[in-house]
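This report concerns only the one structure given below.
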2 protein chains.
Amino acid sequence: MATVSRVLNQKGYVHEDTVQKVHKAIEMLKYVPNDVARSLSKKSTKTIALFVPDITNPFFNELALAVEKVSQMYGYTTILCNTNESSKIERQYIQTLKQKYIDGFLMASNTLSEDEIEQLQVPMVAVDRVSSPSVPTVSSKNREGAHLAVQALLKQGCTKIAHIRGPKGIWIAEERCQGYLDLVEDLPWFTPKLVVNGNFQLKAAIEAVNKLFDAHPDIDGIFAGNDMMAIGALRALQERGIRVPDQVQVIGYDGIPLTEMVYPELSTVSQPIYEMGMLAARILIKKIEQQPLDEVNHKLEVELIQRGTTRQR
Amino acid sequence: MATVSRVLNQKGYVHEDTVQKVHKAIEMLKYVPNDVARSLSKKSTKTIALFVPDITNPFFNELALAVEKVSQMYGYTTILCNTNESSKIERQYIQTLKQKYIDGFLMASNTLSEDEIEQLQVPMVAVDRVSSPSVPTVSSKNREGAHLAVQALLKQGCTKIAHIRGPKGIWIAEERCQGYLDLVEDLPWFTPKLVVNGNFQLKAAIEAVNKLFDAHPDIDGIFAGNDMMAIGALRALQERGIRVPDQVQVIGYDGIPLTEMVYPELSTVSQPIYEMGMLAARILIKKIEQQPLDEVNHKLEVELIQRGTTRQR
DNA sequence: AAATAATGTGTAACCGGTTACCTATTTCGA
DNA sequence: TCGAAATAGGTAACCGGTTACACATTATTT
């Protein structure tokens, strides 16, 4: 028994002849090790959990694909947890998974307080969210991305730009909103009413745009906090008979595949979603395996992609 | 030890006073049972796996949400497995998960042969796929759904209807295609060239439509094997400057949320996706817990929803 | 050539639960 | 009032691995 274990784990001294014999026996008996027993004694399951707020958003699909890919490469299994941004669900998942000896958490959704995070005692990495300073974070340059979008709108003739922002309290929403404000706050046409709240989902954006245009029919540019809301805005505009991009230009944020599925195709600030997922997964696995981390916070570059909803020269 | 176990599992005789004492002690010590140890002796992990071919398709998102919901209600954890319709990946997942004592498989993707399925020795249910006769299946009335779509197109003035079908060998694709053929095969304008292959993804449908219209510019109706392809068709038509629904009417299949995000909104044959997921999960859990199943094959009703891509009277 | 180090393998404890089985006490019918 | 049945709770085996440790053998050093 011990020798077989040593052969399989390549640990301790085993004579080469014995290794061969063991392998032959394993083949003959079609022996397959039992991972649960292994986990029990090793106190590790080679499993990580990815928490996302909304699996329905293609952004998180792509992220999940990337995480899955990397974790598989390193022999890990991934569990996807949909939290709906509810701390109750999130806590419940964490509780269940800790009981199951989960090895690490990858949080793209985070409703926990810093205290709770400190108490976790399980390695954790945040993607596209900031949580506690002790948690490594992978995100992109949101503020700069917002600058790119607003700059382009201004340069391409917009004279009144609205912003549909993501939920309050969510770091990336704040950053993107701040990036918008940086460039327009001091312009003569600006008024705080041009910033409306959304929840990163399509429906809310439709309502937001309708309210916005009822009050300010002269808006000719919209920067949305993410692509789903930009697509909602586009829908609302089309329904009102407003021509995009002739009358109103729209830019989203994320660069999800959906941007190329609508017509006209959506201009957007594209994040390297797949890379973010891979990087975050690698960092988490490093942490789990107690390897030293070089950097703790990663801010990846973004890129403005102009397509059919803007009038690029 | 044994008594505590009995209290927690409500099994065997335990005096009421002792139960109270145990609960008090659990609270004081903040005792949390170890699920891995429990799994080892019970040979069950309270975990099921959902296999999907393409997590990027909203259809499977919704399915996953439903499965997750039900499994959580019954105390199960769900693992999502993206197979890309590759039997290599699928087999690898199955191998890994069996080693981890997975309790059941829910297959919305299936590349395995009947033999392999028989050998599995783990409860299994198929959704939207048919596999082996011994496996309970949840699907919808695909052929009837196709009839609804094609009937509507015919009634609403189409005189030449093409079909972009799903991949060969996938049962639902065959059924939907057959449903189309049932109604048009004997019409004077019909030719087999009007049926083109797709892979259920958007990109392929764009190419398919372009090829189709190069050869048959007089097509005035398209029935796509799923919504993703219908949206691809819509995109291709819009790019060609063809007006939908005035010149060409389009109907998809599935009823994913995306159908309401494009403009014009897509007409579609809507399946009760969420119910299918819940039903399949319930059946799987019943099987796992060795409860008797009433029926083995479930075919749910579908419904034609006419929106902006058809000319309903 | 003897002492020491390196190599090879088996035994048993351990991970943290579940449960069969045993013994002790209480309940209850005849 | 006695014995069977029901209730209560403890002991130890078991799930299937990992690994510290003991002991045997072989290789190396002086």
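Worth knowing before you read on, the calculation uses all heavy atoms, side chains too, and leaves out hydrogens, waters and symmetry mates. Since the structure is predicted, the reported quantities are computational estimates derived from the model, not experimental observations. Residue numbers begin at 1 in each chain, while the letters A, B, ... track the order of the sequences.
Spacing between atom CD of Gln20(B) and atom P of dA8(D) amounts to 13 Å, rounded to whole angstrom units. Here dG17(D) presents its P atom at 10 Å from CD1 of Ile26(A), a figure rounded to the nearest Å. The CG atom of Asp35(A) sits 13 Å away from the P atom of dG16(D) (whole-angstrom rounding). Taking atom CG of residue Asp17(A) and atom P of nucleotide dT25(D), one finds them 17 Å apart after rounding to whole Å. With rounding to whole Å, Asn34(A) atom CG is found 13 Å from dC14(D) atom C1'. Distance CZ (Arg6(A)) to P (dG17(D)): 15 Å, rounded to an integer number of Å. Counting to the nearest Å, the P atom of dT26(D) and the CD atom of Glu16(A) are 18 Å from each other. When rounded to the nearest whole Å, the span between CE of Met1(A) and P of dG8(C) equals 21 Å.
One finds a side-chain N or O of Ser5(A) lying less than 4.0 angstrom from the OP1 or OP2 phosphate oxygen of dT18(D). The side chain of Tyr101(B) places no N or O atom within less than 4.0 Å of a non-bridging phosphate oxygen (OP1 or OP2) of dG17(D). Note on Lys43(A): a side-chain N or O is less than 4.0 Å away from OP1 or OP2 of dG16(C). The phosphate of dT19(D) has OP1 or OP2 within less than 4.0 Å of a side-chain N or O from Lys11(A). Proximity of Ser39(A) to the phosphate of dG17(D): no side-chain N or O atom is located under 4.0 Å from OP1 or OP2. Contact annotation: Thr3(A) reaches the phosphate of dG10(C) (side-chain N/O to OP1 or OP2, under 4.0 Å). Contact check, Tyr13(A) against dT7(C): a side-chain N or O comes under 4.0 Å of OP1 or OP2. Contact check, Lys42(B) against dT19(C): no side-chain N or O comes under 4.0 Å of OP1 or OP2. The phosphate of dT9(C) (OP1 or OP2) has a side-chain N or O of Thr18(A) nearer than 4.0 angstrom.
Counting any heavy atom pair closer than 4.0 Å across all strands shown, Val22(B) reaches no nucleic acid atom. Using a 4.0 Å heavy-atom distance criterion, Val19(B) is classed as making no nucleic acid contact. Here Asn9(B) lies in heavy-atom contact (under 4.0 Å) with sugar-phosphate atoms only.
Across all their heavy atoms, Ile79(B) and Ile79(A) have their closest contact at CG1-CG1, 3.9 Å.
Contact of Arg38(A) with dG16(D) (side chain to base): no donor-acceptor pair of N or O atoms is detected under 3.5 Å.
At least one donor-acceptor pair under 3.5 Å links the side chain of Thr96(B) to the backbone N or O of Gln92(B).
Across the interface with DNA chain D, nearest-nucleotide mapping of His15(B) and Val32(A) shows His15(B) to be the residue nearer the 5′ end.
Which of dC15(C), dT11(D), dA20(D) sits closest to the side chain of Ala2(A) comes down to dA20(D).
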* **From CA spacing to verdict: side chain to side chain donor-acceptor pair (under 3.5 Å), Asp103(A), Ser44(A)** => CA-CA 6 Å; Asp103(A) 288 350; Ser44(A) 142; 3.1 Å; yes

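Here the options are Val14(A), Val22(A), Thr18(A), the test is side-chain contact (heavy atoms from CB on, under 4.5 Å), and the partner is Arg6(A); only Val14(A) passes. A side-chain contact (heavy atoms from CB on, under 4.5 Å) with Cys81(B) is found for exactly one of Leu97(B), Ile94(B), Leu106(B), Leu50(B), namely Leu97(B).
Two residues are said to be in side-chain contact when any heavy atoms from C-beta on lie closer than 4.5 Å; Asn84(B) and Asn82(B) meet this criterion.
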